[in-house]
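For reference, the structure is listed below as structure tokens.
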There are 2 protein chains.
Amino acid sequence: MAVGRITIEDVAAAAGVSRQTVTRAMNGLPEISARTRDHVLRTATELGYRPSRFASNLAARRKARSVGLVLGSLRNPYYTELAAELLDVVTPRGWQVLMASHEQGDDVELVAALSGQADAIVGYFTGPEAALVAAARGVPLVQVERPATVPGMHAVILDFEAAIEALLDDLRGRGARRFGLIESGRPATGGYRPTRRRRAYERFAGPGSAARVVVADESIRGGADGLARLRAEYPDVDTVLAFNDLMAMGAIQRAQLDGVAVPADLRVVGVDGLSLGAVMTPPLSTLSIDRRALATEAADIVGALLDRAEPPPHPSVVRTVTPRPLWRESA
Amino acid sequence: MAVGRITIEDVAAAAGVSRQTVTRAMNGLPEISARTRDHVLRTATELGYRPSRFASNLAARRKARSVGLVLGSLRNPYYTELAAELLDVVTPRGWQVLMASHEQGDDVELVAALSGQADAIVGYFTGPEAALVAAARGVPLVQVERPATVPGMHAVILDFEAAIEALLDDLRGRGARRFGLIESGRPATGGYRPTRRRRAYERFAGPGSAARVVVADESIRGGADGLARLRAEYPDVDTVLAFNDLMAMGAIQRAQLDGVAVPADLRVVGVDGLSLGAVMTPPLSTLSIDRRALATEAADIVGALLDRAEPPPHPSVVRTVTPRPLWRESA
DNA sequence: TTGAAAGCGCTAACAC
DNA sequence: GTGTTAGCGCTTTCAA
């Protein structure tokens, strides 16, 4: 019997109608009698017919659209809250979202895989832009946090320079004198490179601050470890900035275990603005990244790129979102 | 000039070669001289050529595969940890994952939208199975938690009957006498229906327990509110089961604010087994759902369905995962 | 190494 | 209401 895939042709033959009639039945089009539609639908399920999404999208006037989203991890609420925002923003436009995370492979591999299924790819990238663009095979890329420097790459920049400068100023106003940083470092990967957040910290946190940095895993546990090491080396630090909220939460926990009161003895500030931080004790002060704005900007860039009439290459589109301090009680 | 889309034909013409040669260049195939490949690639980027994923997947021998994943929310770590596990499991098989959440629309709408882009759809559904299967248009569905009762629907059941019975027994062994439940209810939706977890609780929690139930929002805040109401109505409850870990965390927080010691004065247990629960104070005891097993079972079902040679309909495939108590310190 | 022809499975426009 | 004819844009034979 049927060896390969069951096509519209098979259904048409079995039902004794034309292909077009099958299409009409499957897609609920009006120009068909209820009787034949039911008949066709029935034989379709009997045969186990499943329309080819590739064929229908190729032939149809309006094609399905989808955006790839590349995140650092689905186990960090920052990324998943960003995904939630992006879903909120693009679903009304009828776009689908394809997920990928760095836990599954490096940038370039992920982009190569997504480029076959997505019309645009948004996300966090760390690899060289030229390689990413090449892997994208013409699919536009929008990278978060880093500026775009090659054609085909666009960006939503997170301005941590300005944000961290402002944050440190505010902290000084609250009595902070000696800052320390718990920085993120991928342990196994080997090739550690200072993050943009670290560079901004070192630039604005005052004399000696560049030394008061420990590198830890990007997790609650990592933050706890980081704080222990930081305090062991620099007991007189009075204010700790953590790379992200998860690490800050770990740091607070560790401080409390060690009998250090937060914020009385030690101020702790995270980065991200997770809603989770509000329900900790004490509630976490943080440099909040407006994820809704981020998602909206990214979607706008993608929308503009996809709807553009003229053929590419388009000049890189760049938007900026500036994180803002969100004062709760840990600093 | 070029009004519509730029096709392989345009590139071929501009480069002065045949379509086939463009394909060879774009896909890095061997039978082409480095010289012509570079030339073709260059003109492709000049023209801004982007291969149609629908056309290439239609023509190519091996087609891209993707799984749709329908979750309750991307703002609840349970769902995002499940997504992370599914990504871990399916990426090695070369599948992509399309995300959708109930926050974006009802079941049937989501399935209808995904069915145009996915080869199978896995997830949490609440709508009528027949409507879901119809909306899927032949795309196989795997539902989590609920058993499958119609052809085209498959399932990974979470056996809360057995799990909650065992949990309550263990709790009695730990001294629990009067149970209360903080149940999940979608507030705005109106149509509240008892969850499977509630029904299992009512069946096994002993006389009077069916009354000691409050319905709250599926969030930390909801759990806090729920606990306040439960204690107001039933001050003598000594053990609270929450619908999920997030709600349990809120309940613990609220209890502590009210001067109730956990677990000394009140035992609190959640459901899910979030890793986050381990870093709370006290660490959260919970009925843990093995998300990796869940993801693996779902992927296996999908894999079996997609690779099956015979034409459908296939009988419903059903697997079961039984949650297990994870004792930490809150109960 | 390159090109020409023949589909992949479907929808759109038009006939009937 | 229903069938017929053309494509959609690409990859795959197979010849040259």
Side-chain angles (χ1 to χ4, degrees), chain A residues 2-41 43-44 47-65 115-119 137-139 311, chain B residues 2-41 43-44 47-65 115-119 137-139 311:
Chain A
V3 266
R5 173 189 193 106
I6 291 161
T7 74
I8 194 171
E9 202 89 45
D10 301 323
V11 179
V17 298
S18 73
R19 281 183 339 210
Q20 175 56 6
T21 299
V22 177
T23 291
R24 283 192 273 251
M26 292 301 293
N27 299 353
L29 299 182
E31 303 148 314
I32 188 176
S33 73
R35 217 173 140 289
T36 51
R37 187 188 50 232
D38 290 354
H39 176 223
V40 169
L41 252 30
T43 69
L47 266 51
Y49 169 59
R50 200 161 66 63
S52 155
R53 66 173 196 268
F54 300 119
S56 63
N57 274 294
L58 181 56
R61 177 166 253 86
R62 80 169 284 166
K63 289 139 168 48
R65 284 191 164 175
S115 68
Q117 296 263 67
D119 301 298
R137 294 234 206 89
V139 173
Chain B
V3 266
R5 172 189 194 106
I6 291 160
T7 74
I8 195 173
E9 201 89 44
D10 301 322
V11 179
V17 298
S18 72
R19 282 182 339 206
Q20 172 53 11
T21 301
V22 177
T23 290
R24 282 192 273 253
M26 292 300 294
N27 298 353
L29 299 182
E31 303 149 313
I32 188 175
S33 72
R35 215 172 139 289
T36 51
R37 187 188 48 233
D38 290 355
H39 175 223
V40 169
L41 253 29
T43 68
L47 265 52
Y49 169 58
R50 199 160 66 64
S52 154
R53 67 174 196 269
F54 300 120
S56 63
N57 273 295
L58 180 57
R61 177 165 255 84
R62 80 169 285 168
K63 288 138 170 51
R65 284 190 165 176
S115 68
Q117 297 263 67
D119 300 299
R137 294 230 207 90
V139 173

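Each chain gets a letter, A, B and so on, in the order the sequences are listed, and its residues count up from 1. All values below come from the heavy atoms of this structure, side chains included, with hydrogens, waters and symmetry mates left out.
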Point to revise | 5′-ward residue of the pair B:Lys63/A:Arg24 relative to DNA chain C | key: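 Taking each residue's closest nucleotide, the earlier one in sequence belongs to B:Lys63.
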
Review point. Between A:Asn57 and B:Arg37, which is nearer to the 5' end of DNA chain C once each is assigned its nearest nucleotide?
Key: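 Whichever sits nearer the 5' end wins; that is B:Arg37.
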
Review point. Within the structure shown, what part of the strands sits under 4.0 Å from B:Arg61 by heavy-atom distance: base, sugar-phosphate, or nothing?
Key: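 Counting heavy atoms under 4.0 Å across all strands, the contact made by B:Arg61 is with sugar-phosphate only.
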
Exercise for review: Identify whether any heavy atom of B:Leu58 sits under 4.0 Å from a base atom; if not, whether one sits that close to sugar-phosphate; answer base, sugar-phosphate or nothing.
Suggested key: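 Here B:Leu58 touches the bases of the nucleic acid.
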
Integer-rounded Å distance: [N] [atom2] and [X] [atom1]:
X       : N      : atom1 : atom2 : result
B:Glu9  : D:dC8  : CD    : C1'   : 12 Å
A:Ile32 : C:dC16 : CD1   : P     : 21 Å
A:Gln20 : D:dT4  : CD    : P     : 11 Å
A:Arg53 : D:dG9  : CZ    : C1'   : 17 Å
A:Arg5  : C:dC8  : CZ    : P     : 12 Å
A:Leu29 : C:dA13 : CG    : P     : 12 Å
B:Met26 : D:dT11 : CE    : P     : 9 Å
A:Asp10 : C:dG9  : CG    : C1'   : 11 Å

Check your understanding: If you check the A:Ile8 side chain, which of D:dG3, C:dC10, D:dC10 turns out closest?
Key ->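 Of the options given, the side chain of A:Ile8 lies nearest C:dC10.
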
Tell me whether the OP1 or OP2 atom of [N] has a side-chain N or O from [X] closer than 4.0 Å.
X       : N      : result
A:Ser33 : D:dT2  : yes
B:Thr36 : C:dT1  : no
A:Thr23 : C:dT11 : yes
A:Thr7  : C:dG9  : no
A:Ser18 : D:dT2  : no

Roughly how far, to the nearest 0.5 Å, is [atom2] of [Y] from [atom1] of [X]?
X       : Y       : atom1 : atom2 : answer
B:Ile32 : B:Gln20 : CD1   : CD    : 9.0 Å
B:Ser18 : B:Ile8  : OG    : CD1   : 8.5 Å
A:Arg5  : A:Asp10 : CZ    : CG    : 10.5 Å
B:Thr7  : B:Tyr49 : OG1   : OH    : 7.0 Å

[N] base to [X] side chain: any donor-acceptor pair below 3.5 Å?
X       : N      : result
A:Arg35 : D:dG1  : no
A:Arg50 : C:dG9  : no
B:Arg19 : D:dT11 : yes

Review point. Quick one: do A:Arg53 and B:Asp119 make a salt bridge, cutoff under 4.0 Å?
Key: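 Yes, this pair counts.
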
Review point. Below 4.5 Å, heavy atoms only, C-beta onward: do A:Arg37 and A:Arg24 meet side chain to side chain?
Key: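 They are not in contact (no side-chain heavy atoms under 4.5 Å apart), so the answer is no.
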
